[in-house]
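What you see below is based on every heavy atom in this structure, not just the backbone, and it leaves out hydrogens, waters and symmetry mates. Just so it is clear, the structure is predicted and the values come from calculations on it, not from any experiment.
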Amino acid sequence: MSFTKVILLVAAFLSVTLSHAHPVHDFHFGWGGHHGGTTRGMSFGLSPQFYQFSCPQANDIVMSVLEKAIAKDIRIAASLLRLHFHDCFVQGCDASILLDDSATIVSEKNGGPNKNSVRGFEVIDEIKSKLEQACPRTVSCADIVALAAKGSTVLSGGPNWELPLGRRDSKTASLRGSNKNIPPPNATIEGLLTFFKRQGLDEVDLVALSGAHTIGVAKCATFKQRLYNQNGNNQPDSNLEKTFYFGLKSMCPRSGGDNIISPLDFGSPRMFDNTYYKLLLRGKGLLNSDEVLLTGSVKETRDLVKKYEQDESLFFQQFALSMIKLGNLRPLTGFNGEVRKNCRRVN
């Protein structure tokens, strides 16, 4: 091989390596409406191959930690999915939710939707520790949260997808944003759509991403209103199927017991499947924000619940697409933000 060809090959290799180490911004944002901002796995400077050279074992490390964590605590899979959602809805997918209180940070962990509720931080810490050993200062906490959400879905029997990577970590958090932008469990269908559309997510994303409630649990406090005072008249929610209602009432008293937990999908609580939608159609959705997908005034969400109830593969396909879209919300890329060494504090 000639000297010139060798130089060209080296230059090509360096060009690819550097483009993954410092991706350029993609200026075609367009994450509103129905676009999803994703074109053939590429999005906003994110790429599924981002760590191909710098940390090729990243996903394997994430999955090995997740397997042990989920074997020890089955609830952790749903908790890590929720962590990703609660992160992305505040400042975009930037791992701001992981930051602890400090002299410069007011933690999002103290926000109403997160306090004594959001879990999984220790699992993220363990993944980060192992990645720092393997590939120091390379894999961002924001990418770890996204990879953990995907891995938790897969390990629970749900779909897999090619995840765009290359997010960087924020140096700020927003307590106000965590209180303002995360939909509450008693939201109406109109309220839910407002929260989602504010993020550039639509009706399809709302119904598909709500399907994450096929795993996980909710505390009594989040659905007690439905049992005792749904419309301010001391009456239960008439949409609740009777045996389901009496079962919930027996374990969730009118006063006290706020931290008692109930599965969001009692049919197959450990499996990521479409049972959640089957239960909705039988009046057995746990949260008001679940039930209104079917009983609310929006025909499109009602129709989607029925479609996903009938066709699990359609649900899986759309869930994967909506998770990619969620993960693409306002990521920090290029030279913005940083790659934190410790996910709980800025460098």
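Scored by the side-chain hydrogen bond (donor to acceptor under 3.5 Å, both in side chains) test, K68 finds no partners at all (sequence neighbours excluded). For F244, the ring pair (Phe, Tyr, Trp, His ring centres under 6.0 Å) partners are F266, not counting sequence neighbours.
Taken to the nearest 0.5 Å, the CG atom of L165 stands 11.5 Å off from the CD atom of Q52. Taken from NZ in K130 to CD1 in I144, the straight-line distance is 12.0 Å, to the nearest 0.5 Å. The structure places CD1 of I70 at 13.5 Å from CZ of R75, a figure rounded to the nearest 0.5 Å. One distance of note links CD1 of I61 with CG of L131; it measures 4.5 Å at 0.5 Å rounding. Atom CG of residue L46 and atom CZ of residue R167 lie 5.5 Å apart, to the nearest 0.5 angstrom.
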Exercise. Hey, mind stepping through D303 and K307 against salt bridge (Lys or Arg N to Asp or Glu O under 4.0 Å) and telling me if it holds?
Worked result: CA-CA 6 Å; D303 290 346; K307 280 182 185 173; over 6 Å; no

CA sep, side-chain torsions, deciding dist, call: D73, R119, side-chain contact (heavy atoms from CB on, under 4.5 Å): CA-CA 11 Å; D73 175 8; R119 305 165 73 244; 2.7 Å; yes

Audit row: V118, K109, side-chain contact (heavy atoms from CB on, under 4.5 Å) steps and yes/no: CA-CA 8 Å; V118 172; K109 294 174 184 179; over 6 Å; no

* Asked: Under the side-chain contact (heavy atoms from CB on, under 4.5 Å) criterion, do L287 and E291 qualify, and how do the steps go?
  -> CA-CA 6 Å; L287 305 178; E291 193 59 50; over 6 Å; no

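With contacts defined as side-chain heavy-atom distances shorter than 4.5 Å, the pair R226/L248 does not qualify. Using a 4.5 Å heavy-atom threshold, the side chains of Q235 and Y228 count as separate. Contact of the W161 side chain with the I324 side chain is registered, since non-hydrogen atoms from C-beta on lie closer than 4.5 Å.
Residues G92 and R330 come closest through the heavy atom pair N-NH2, 3.0 Å. Taking each heavy atom of N114 and S178 in turn, the nearest pair found is ND2-CB, 3.8 Å. Scanning both residues, V305 and L294, for their nearest heavy atoms gives CG1-CD1, 4.2 Å. Scanning both residues, C93 and A142, for their nearest heavy atoms gives O-CB, 3.6 Å. Between L329 and C88, the closest heavy-atom pair is CD1-O, 4.0 Å.
Atom NZ of K219 sits in a crowded spot, with more than 12 heavy atoms from other residues, nucleotides or ligands closer than 6.0 Å. Open room surrounds CZ on R270; 12 or fewer heavy atoms of other groups in view lie less than 6.0 Å from it.
For the 3.5 Å distance criterion, the side chains of S268 and D273 qualify, holding a donor opposite an acceptor. For the residue pair N239/Q230, the side-chain donor-acceptor check at 3.5 Å is not satisfied. Side chains of S174 and E108: a donor-acceptor N/O pair is absent below 3.5 angstrom, by distance only. If you check the side chains of S322 and Q318, you find a donor sitting under 3.5 Å from an acceptor. Checking Y245 against D237 by side-chain atom types alone, no donor-acceptor pair falls below 3.5 Å. A side-chain donor from one of D290 and Y276 sits under 3.5 Å from a side-chain acceptor of the other. A side-chain donor from one of R82 and S117 sits under 3.5 Å from a side-chain acceptor of the other. One side chain, D265 or T214, offers a donor N or O that lies under 3.5 Å from an acceptor on the other. With 3.5 Å as the limit, one finds a donor-acceptor pair spanning the side chains of D94 and Q91.
Between D202 and K197, none of the side-chain N atoms (NZ, or NE/NH1/NH2) sits under 4.0 Å from a carboxylate O, so this pair counts as no salt bridge. Between D205 and K325 there is a salt bridge, with a side-chain nitrogen of the basic residue lying less than 4.0 Å from a carboxylate oxygen of the acidic one.
At least one test fails for K278 against the ring of Y308: distance under 6.0 Å to the centre or angle within 45° of the axis. For R198 and F195, the positive end sits near the middle of the six-membered ring, less than 6.0 Å away and at most 45° from its axis.
Within the 3.5 Å criterion, the main-chain N or O of G166 finds a donor-acceptor partner in the side chain of D143. In this structure a side-chain-to-backbone donor-acceptor pair under 3.5 Å is missing from S96 to A173. Here the side chain of D169 pairs no donor or acceptor atom with the backbone of S140 at under 3.5 angstrom.
F315 and Y277 have perpendicular rings, their planes meeting at more than 60° on a 0 to 90° scale where under 30° would count as parallel.
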